[in-house]
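Index from 1, following the sequence. We use all heavy atoms of the structure for the numbers below, so side chains are in, but hydrogens, waters and symmetry mates are not.
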Amino acid sequence: MCKLFIEADPALWQTRLKSLRLSGFSTSVRLENLYWQVLEEIAQRDGMSLPQLLAKLHEELTFAHGGVENFASFLRVCCGRYLALQLEGDVPRDLRTPIRSLDADAILAREAHRSRRALSSAA
């Protein structure tokens, strides 16, 4: 079982530090290459550069929640959710479909419904 993960390209889990400006401040974010690849894909879907996507996510997260405690962790979760939502069929695999064109409220409602269903079947 583990060979599937152990024998993967080691470059995927190597970290890379990227410097950028968030809310007018210079900062840096360190993530594994796999996450940078997924974030690049998300950015490209909406015609943005990676720094533009990160700035937009940071801005909207700050507006919605008043602050960002661990932005790198938030980005990892974004990547995991993006891939999981693709598997569920909520985010099309066709990269020509922008994320901004999707009905976020409907996707979040379906996701919540799946979570409730999973909890009730586990009980």
Original post:
Hey, mind stepping through Leu75 and Val29 against side chain to side chain contact (heavy atoms under 4.5 Å, CB included) and telling me if it holds?
Top reply: CA-CA 10 Å; Leu75 293 174; Val29 177; 3.9 Å; yes

Original post:
Do Ser49 and Gln52 have a side chain donor and acceptor closer than 3.5 Å?
Top reply: yes

Original post:
Is Ile107 reachable from Val77 through a run of I, L, V, M, F, W or Y residues, each pair having side-chain heavy atoms under 4.5 Å apart?
Top reply: no

Subject >> salt bridge (Lys or Arg N to Asp or Glu O under 4.0 Å): pairs with one or both residues in residues 41-55, sequence neighbours excluded >> reply: Asp46-Arg100

**OP:** Output all residues satisfying salt bridge (charged side-chain N to carboxylate O under 4.0 Å, His left out) with Glu40, sequence neighbours left out; order by chain, then residue number.
**Re:** none

**OP:** Could you grab the distance from atom CG of Leu22 to atom OG1 of Thr62, nearest 0.5 Å is fine?
**Re:** 8.5 Å

Subject >> Smallest separation among heavy atoms of Pro98 and Ser101, with atom names >> reply: O-OG, 2.7 Å

**OP:** Taking all non-hydrogen atoms of both residues into account, name the closest pair between Pro92 and Leu102 and its distance.
**Re:** CD-CD2, 3.7 Å

Original post:
Quick one: do Arg16 and Glu32 make a salt bridge, cutoff under 4.0 Å?
Top reply: no

Original post:
Which residue pairs satisfy the ring pair (Phe, Tyr, Trp, His ring centres under 6.0 Å) criterion with at least one member in residues 48-69, sequence neighbours excluded?
Top reply: His58-Phe71

Subject >> Heavy-atom side-chain contact between Leu39 and Cys79 under 4.5 Å >> reply: yes

Original post:
Heavy-atom count around Lys56 NZ within 6.0 Å, excluding the residue itself: above 12?
Top reply: no

**OP:** Given side chain to side chain contact (heavy atoms under 4.5 Å, CB included), test Arg76 with Ser73 step by step and report yes or no.
**Re:** CA-CA 5 Å; Arg76 286 185 189 93; Ser73 290; 4.1 Å; yes

Original post:
Leu12: which other cluster members, linking ILVMFWY side chains closer than 4.5 Å, directly or transitively?
Top reply: Leu34

Original post:
If you round to the nearest 0.5 Å, how far is NE2 of His113 from CG of Leu108?
Top reply: 14.5 Å

Original post:
Are Leu53 and Leu83 connected in a single hydrophobic cluster, I mean Ile/Leu/Val/Met/Phe/Trp/Tyr linked by side-chain heavy atoms less than 4.5 Å apart?
Top reply: yes

**OP:** Look at the side-chain heavy atoms of Ile, Leu, Val, Met, Phe, Trp and Tyr, link any pair under 4.5 Å apart, and say whether Ile42 and Leu95 land in one connected group.
**Re:** yes

Original post:
With sequence neighbours left out, what residues match Arg114 under salt bridge (charged side-chain N to carboxylate O under 4.0 Å, His left out)?
Top reply: Glu88, Asp90

Original post:
Which distance, rounded to the nearest 0.5 Å, do you find between the CD of Glu60 and the CG of Leu57?
Top reply: 7.0 Å

Original post:
Are the side chain of Trp36 and the backbone of Leu31 linked by a donor-acceptor contact shorter than 3.5 Å?
Top reply: yes

Subject >> Leu61/Phe74 under side chain to side chain contact (heavy atoms under 4.5 Å, CB included): CA gap, chis, key distance, verdict >> reply: CA-CA 9 Å; Leu61 181 62; Phe74 170 76; 3.7 Å; yes

Subject >> Least distance between heavy atoms, Trp13 atom then Phe5 atom >> reply: CZ3-O, 4.3 Å

Subject >> Residues which pass salt bridge (charged side-chain N to carboxylate O under 4.0 Å, His left out) with Arg96, listed by chain and number, not counting sequence neighbours >> reply: Asp94

